[in-house]
Engineer: 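To start, I am sharing the structure in question, which I have written as structure tokens.
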Amino acid sequence: MADQKKVPISPISRRAILAGGAALGASLFLPKGLRAQDFPTDQINTTGLAVTDDTVQVGILHSISGTMSISETGSVQAEKLAIEQINAQGGVLGRKIETIQEDGASDWPTFAEKARKLLVNDKVASVMGCWTSASRKAVLPVFEQHNGMLYYPTFYEGLEESPNVIYTGQEATQQIIAGLDWVAREKGAESFYLLGSDYIWPRTSNKIARKHIEDKLGGKVVGEEYYPLGHTQFNSVINKIRLKKPDVIYAIVVGGSNVAFYKQLKAAGIDMTEEAPLLLTISVTEDEIRGIGGENIEGAYACMKYFQSLENENNQEFVAAFKEMWGDDMVIGDVTQAAYLGPWLWKAAVEKAGSFDVDKVREASPGIELASAPEGYVKIHENHHLWSKTRVGHALADGQYEVVFETADLVEPDPFPEGYQ
Amino acid sequence: MENPNFILTVEDLSVSFDGFKAVDGLSFYIEPNECRVIIGPNGAGKTTVLDLICGRTRATAGSIEFKGAELTRMREDQIVHAGVGRKFQTPSVYEDLTVFENLEISYPRGHTVFGALTFRRDGDVDARIREVAETIFLGDFLQERAAILSHGQKQWLEIGMLLIQDPQLMMLDEPVAGMSVAERKKTAELLNRIIRDRAVIVIEHDMGFVADIATRVTVMHQGKRLSEGSMAHVQADPKVVEVYLGH
Amino acid sequence: MLTIDKLTSGYGESEVLHGLDLQVPKGEIVAIMGRNGMGKTTLMKSLMGIVPATGGAITVGDCKMTGLKSHARVAGGLAYVPQGRQIFSAMTVEENVETGLTVTGKKTVPDDIYELFPVLVEMKHRRGGNLSGGQQQQLAIARALASDPKVLLLDEPTEGIQPSIIRDMARTLRRIRDERGLTIVVSEQVLSFALDVADRVMVLEKGAFVHDSPRASVDEAHVSKFLSV
Amino acid sequence: MFSGYSLPELGAIITMQGFAGLILFSVFVLMALGLAIIFGQMGVINMAHGEFMILGAYVTYLVSNAFAAYMPALFGAYFFVAMVLAFCASGLLGMIVEWAMIRHLYKRPLDTLLATWGLSLILQQTFRSLFGAREVGVTIPQWMMGSLPVTDLIEIPINGIFVMVLALGISAAVYVMMYRSAWGRQVRAVTQNRVMAGAVGIDTERTDRMTFGIGCGVAGVAGAAFTMIGSTGPTSGQAYIVDTFLVVVFGGAASLLGTIASAFSISQAQSILEFFLSGSMAKVITLLVVVGILMLRPQGLFAMKLRK
Amino acid sequence: MTKTSFLTRSEAVGLAILALIIFVAFPVMLDDFRLNLFGKYLSYAFVAIGLVLCWGAGGILSLGQGVFFGLGGYCMAMFLKLEASTPEATAIQSTPGIPDFMDWNQISALPIWWQPFNSFAFTLIAIFVVPAAFAFVIGYAMFRRRVSGVYFAIITQAIAAIATILIVGQQGYTGGVNGITDLRTLMGWDIRPDGAKTVLYFVNAILLFGCLVVAMAIRKSKFGRVLVAMRDAEDRVRFSGYDVASFKIFIFCVGAMMAAVGGAMFTLQVGFMSPTIVGIVPSIEMVIFCAVGGRHSLMGAVYGALLVNWAKTTFSESFPELWLFGLGALFIAVVMAFPNGLAGLFDDYIKPRLRGWRQTPATAPQPAE
């Protein structure tokens, strides 16, 4: 692992990316003509997965009930869209994807139970799923024990690298550091107030942020604070923020608390469009804004790899397809897009390996590129995370982000960042 | 007025609920083998007096001394172990248990958690329960659930539950209420038998029944003692006549 | 006005009333005497539907009461002053009386009720629980009258009340009867009061009527035998 | 923690923090009033209380959409219509639930807990099926957002004022209903002495239904108000349930004033602790203290003082 | 029948049938995955048995059983986590040798109160003692002041809420919202393979029967009859010379210990422990297991835990979007229509048809599947 960290930023030129993108983009939306009979089932499936001559079964494992269903619905939709598109192109190795959907019910033991069911009972070839770190931690031993493949879509705290998981969202350093650099450079920010919901992702992210602010940027953290998940009263912390007068509120509030926080912030007269203080978040995607209301968060900045407003052809097609499938009023956030990548990355790996066998898929995965990704271009790193760009969006009143910055190069995933632990 | 012969000494006993004085400066004394009947109109505070003695209600003022121990500061179960037993006005038995089990629970052994867990139903227990059951006319009902007993039989069962504890002071609140004539007679017979070796306080309205059993009668009115003495004495007391008959 | 036909009633397995018959004409005051535990309160509660009757029929005017819920019986013309008065102690005097208005639909308490009980006017805004026993009794009667009844039931109204007030009460009850033509049934242990107030005296003993005579011909000695200690 | 600030700054902070406590107080009052009626007066443990609130929030959402679509000119006023409709919707549902379920369980209070928990699951899934699993965004009229600058340093959030006014208003309305109306008289009579209430002519069953309905309706209004400060999703209601019960129980269940006093003390404690501690720890300590006091005084903190 | 034999005939038959189902039928009929799943269900049955004792027999409804379940589970998880966190396995951490989540939370030394959990013997004792001590404190405070019924339920519910917030908030010491995950071996024995899970299933089943027998013994003892008596007429018991509070405290502690054993077995079988099993929702669900089985029936509790969990799994597999309707309706139906749950149904409908047999007064019938 140590040597993986030293892999230099991929020397892919912009031209190469564009060329690759064009090639792959073309390949995605034209039937590729891989015919099932060219790949006899007994050769491409030596481990007894649920693969027939015509079909292959894939699991979808998200919460569709309980508190997390609020967040995970978008991921389910994106994964279903991707699978439908893949099937429309002729499937994977000529086999149509059939999905088995299970409800994790926002309950981590249930996630573990359902993961076992998908792997052991249903013998699915891969699983798209999970949202919270807790659910991933719960299913991880199951995937490792039964050698399954999980495509995990959420930006998360890192500190993990499993051979059985492909992390299609960003790990913490990828998401955080570029944003902090940007806000320090462009906005001259020096003092930060860190705020989060009380669980591992906000805490770990803030730890990385604090180290980066203090060690690399020479700034100062004037407050750091956590509220229970689901907390709805933020007036006290808003008063503390007034007292400390930070340049930046760095907020990693999630779920229902988000709505409360931004509404109360706005009501307290902290107008984010004035940027005094400026608000930078890594937890509010377009999905969350629907609940918060665009007018309440206008002017805030978010740092992630994808925004619905990205202007590239891939994204325009993706957004159009998503809305066609799920309705015009849908919005797409970072995690939704990352979830959309899962089936495509898996398909690419299977076809590169010429086999559904998990070991072969895993072997084939590093280096898989997806030039058709809505976010632009991604590539699987040796450490199973994705190379991706990081962007800063500026929240508009209509609930969309305007991209104000993106990194020039792909940012290397670094789940075990040295100096940040 | 300390008389060592009294088993129960109640002095200046008062209790008030929200300003209403249910018992007001009451004093009376019970001798070891007497049967004291408390009568009085409804609301006179009779039941409250029993509640105070057995610790169900805490006195506002005054003292209750039982065999030299001050009861006002003791917990209910401690008062029971000191030797005071009490029967409630409406029969209070364990409907889901059999008559045998009802009696067994009151059997004076195994009253702690550990004791109850390790309690063994040995020959002594069995014999004693049968004996008491015969006394209270329920010898044939030992294995029946208490729920199926008649009202009168439940009253007897509750008396039996007291009896098995062998208390030195037994307090009965309307033991014949709701009984048929035949049952009343049997109950009087029963009480006459069991009051021999102990002090008894009875609240009752049935005057024929009272005359049958009472050693002395205390008449209460509005939380105070109105009259006290033999049955004949209180019947002749003009204050009692006024309270009961008006004028 | 009030007809009771073979009424049986009781609690669970024990029957307390064993088939009572009683007719009370309009405007008559009946006193039902008897010691504690003889079934007076059970009779009252059965009439009000608080204790379900196990058999028999109850009629007020032409209105069959059997099987109705309490509030419907009040609407049908019964009013009840319970033993122990049971006023709503946390509510004010005025509110207590107003609860009786529910079936009449009136918004305010008719003045004639307060005329009967001037003391209640002074106490209007005091809490019911702070009244003396006698005042509470008047309040309970006022509350019952507020529902504009045809038949008024009083259960041991003299219990725990000073003799002087008892005499006033008898007067008031008669006045109510005279002014409103009300039928009144009062259960009682105190003979003198019963003789003061009633047109007819009955004795209830162990769930059955054992004595029934107009006041004029009441044999006081005979009745007090049923009552005395 | 206060070093380095000028006196005016400190004064401003203390003022605003006091105000934050008052907002929290208002929120608690709104949450708890409905339950104070249902649990405090009727003894029903309504675990679906949060869902009744969220029903009110969804009604607000629908009304805001309707206004935006059909009467955009009047949008600023939709909130008042929404609160009335939220009251009606939650109240009506409450009456149906009382009729179908609760009235059979008055003698088994613990079973109302289980049954209403089942109800809350069904309501959650109903919301999810009707409105989707995601939170819905309720657009608040512009005039209700933002804040009033009192001085250079002190700003008072308008929605906070609105919540406070609403809390006061609803408390007053509930007070008037309970203590000044014929209906309230009947409710109090029934809760004080059910048998006697029937015997003075009060239809106790109808009164129960109305009481339950109004308790739920008040919850609906609270839910409508909370769209300003919280989220509206199928499971949002669950977040309120523990706090709500604690406020009511802590106040001494039967007393409306107690509920308000308890909301005040809990909110002030929490708001002060939040300022000095991390939010999570403030919450834990507040809850622990409340539970601790309840263990010592199970009848509630204010029950005795207020009982005559 | 003054001498009670330990089991009546119908109880013995009921136990035998249950044993047959758990020890023979399930292992024969179910594949490894399902068997492990049923093992998880059975770990909830411990809680349900404890609740029958507390609630059904003693009238004490606790909505905080998840806390005790969690305490047992966390004790076990702490031991397993320490065993999994050898310096070699955690070499990548800044402080090797401590659990990974501590390292992520900048904790650089094992907290003192974690240290004893290096010992398996201590852990086993702690699984019983910690929840019992906690239950004792709660019980002592509440029952001495005669808090009961609704108030007790609501206060225990608040305690469940506090426990969750505390566990989530103190994540450096507890693993936070993730819980304590990635547990591997028990005294060097890998608990993850199917074979190990099968062994654990049987261990769990044996312990469950142990609990059942203990619970039956308690119910059969005079203690059990005093509990029933307390439920029927608490004052009468008090005035028969019993200190009612100490009986309630004791049974509450027993219920807590049973829940804790279930929690420990849950940890072993599922492979992690998390705060989602401690809070209000799981605690209420545990009460539902008990209510569905029949709040008065010990064996019913086992069937209730099995049935509800099985229904939950099946519904959520077949109708993932609708299963909450089913679950909610089940709650309401049990309360409104079958207050005595499966055991009540058995008593009312099945038992009369078995009357051809010799009749025995059974107290704990077994419901039909």
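Chain naming here is simple, since letters A, B, ... match the order of the sequence lines and numbering starts at 1 in each.
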Engineer: So which of A:Asn121, A:Asp107, A:Thr110 has the largest heavy-atom pair count under 4.5 angstrom toward chain E?
Structural biologist: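 Among A:Asn121, A:Asp107, A:Thr110, the one with the most close pairs to chain E is A:Asn121.
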
Engineer: If I measure from the heavy atoms of chain E, does A:Leu229 come under 4.5 Å with its side chain, its backbone, both, or neither?
Structural biologist: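 When you check distances to chain E, only side chain atoms of A:Leu229 fall under 4.5 Å.
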
Engineer: So what's closer than 4.5 Å to chain E heavy atoms on A:Ile200: side chain, backbone, both or neither?
Structural biologist: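 Both backbone and side chain.
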
Engineer: Name the region of E:Phe266, side chain, backbone, both or neither, that has any atom closer than 4.5 Å to a heavy atom of chain A.
Structural biologist: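 For E:Phe266, the side chain is the part near chain A, not the backbone.
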
Engineer: Can you establish whether the number of heavy atoms outside E:Tyr173 located under 6.0 Å from its atom OH is more than 12?
Structural biologist: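 It does not: E:Tyr173 OH has 12 such atoms or fewer within range.
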
Engineer: Answer with yes or no whether the side chains of A:Tyr152 and A:His384 bring together a donor and an acceptor at under 3.5 Å.
Structural biologist: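 A:Tyr152 and A:His384 do not have a side-chain donor-acceptor pair below 3.5 Å.
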
Engineer: Would E:Tyr41 and E:Phe38 count as a close aromatic pair, with their ring centres under 6.0 Å?
Structural biologist: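 Between E:Tyr41 and E:Phe38, the centre distance is under 6.0 Å.
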
Engineer: Can you tell me which portion of A:Arg116 sits under 4.5 Å from chain E's heavy atoms? Options are side chain, backbone, both or neither.
Structural biologist: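 When you check distances to chain E, atoms from both the backbone and side chain of A:Arg116 fall under 4.5 Å.
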
Engineer: Is A:Tyr226 in contact with chain E via its backbone, its side chain, both, or neither, using a 4.5 Å heavy-atom distance?
Structural biologist: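 Contact with chain E: none, neither part.
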
Engineer: Give, as side chain, backbone, both or neither, the part of E:Ile277 having an atom under 4.5 angstrom from any heavy atom of chain A.
Structural biologist: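 The answer is the side chain of E:Ile277.
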
Engineer: For E:Thr164, is it the side chain, the backbone, both or neither that has a heavy atom under 4.5 Å from a heavy atom of chain A?
Structural biologist: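 Neither part.
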
Engineer: Quick one: are E:Phe69 and E:Pro282 in side-chain contact, heavy atoms under 4.5 Å?
Structural biologist: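 Contact flag for E:Phe69/E:Pro282 side chains = no.
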
Engineer: Identify which part of E:Asp194 has an atom lying under 4.5 Å from any heavy atom of chain A, answering side chain, backbone, both or neither.
Structural biologist: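 Looking at E:Asp194, backbone and side chain both touch chain A.
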
Engineer: Please flag which part of A:Lys117 lies under 4.5 Å from any non-hydrogen atom of chain E: side chain, backbone, both or neither.
Structural biologist: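 Its backbone and side chain both get close to chain E.
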
Engineer: Give, as side chain, backbone, both or neither, the part of A:Gln145 having an atom under 4.5 angstrom from any heavy atom of chain E.
Structural biologist: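 Contact with chain E involves the side chain of A:Gln145 alone.
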
Engineer: Parallel, tilted or perpendicular: which describes the rings of A:Phe234 and A:His231, with under 30° parallel and over 60° perpendicular?
Structural biologist: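 A:Phe234 and A:His231: perpendicular rings.
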
Engineer: Would you say that more than 12 heavy atoms from the other residues, nucleotides or ligands in this model lie under 6.0 Å from the CH2 of E:Trp189, or not?
Structural biologist: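 Atom CH2 in E:Trp189 is crowded, with more than 12 foreign heavy atoms closer than 6.0 Å.
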
Engineer: What residue, out of A:Tyr227, A:Tyr199, A:Trp108, has the most heavy-atom pairs lying under 4.5 Å from chain E?
Structural biologist: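 The residue among A:Tyr227, A:Tyr199, A:Trp108 with the greatest pair count is A:Trp108.
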
Engineer: Rounded at 0.5 Å granularity, tell me how far OG in E:Ser94 sits from CZ in A:Phe416.
Structural biologist: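 Here the interatomic distance stands at 11.0 Å.
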
Engineer: A:Pro228, A:Ala138, A:Pro141: which one forms the most heavy-atom pairs within less than 4.5 Å of chain E?
Structural biologist: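 The answer is A:Ala138.
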
Engineer: Please determine whether the number of non-hydrogen atoms from other residues, nucleotides or ligands lying under 6.0 Å from atom NZ of A:Lys220 exceeds 12.
Structural biologist: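 No, the 6.0 Å shell around NZ holds no more than 12 heavy atoms from other groups.
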
Engineer: Side chain, backbone, both or neither: which part of A:Ser133 has an atom under 4.5 Å from a heavy atom of chain E?
Structural biologist: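 Its backbone and side chain both get close to chain E.
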
Engineer: Have A:His385 and A:Gln174 got a donor and an acceptor in their side chains that come within less than 3.5 Å?
Structural biologist: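 Note: A:His385 and A:Gln174 side chains miss the donor-acceptor criterion.
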
Engineer: Please tell me if the side chains of E:Tyr201 and E:Lys197 come closer than 4.5 Å, counting only heavy atoms from C-beta onward.
Structural biologist: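 Not in contact.
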
Engineer: So which part of E:Phe272 gets closer than 4.5 Å to some heavy atom of chain A, the side chain, the backbone, both or neither?
Structural biologist: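 Contact with chain A involves the side chain of E:Phe272 alone.
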
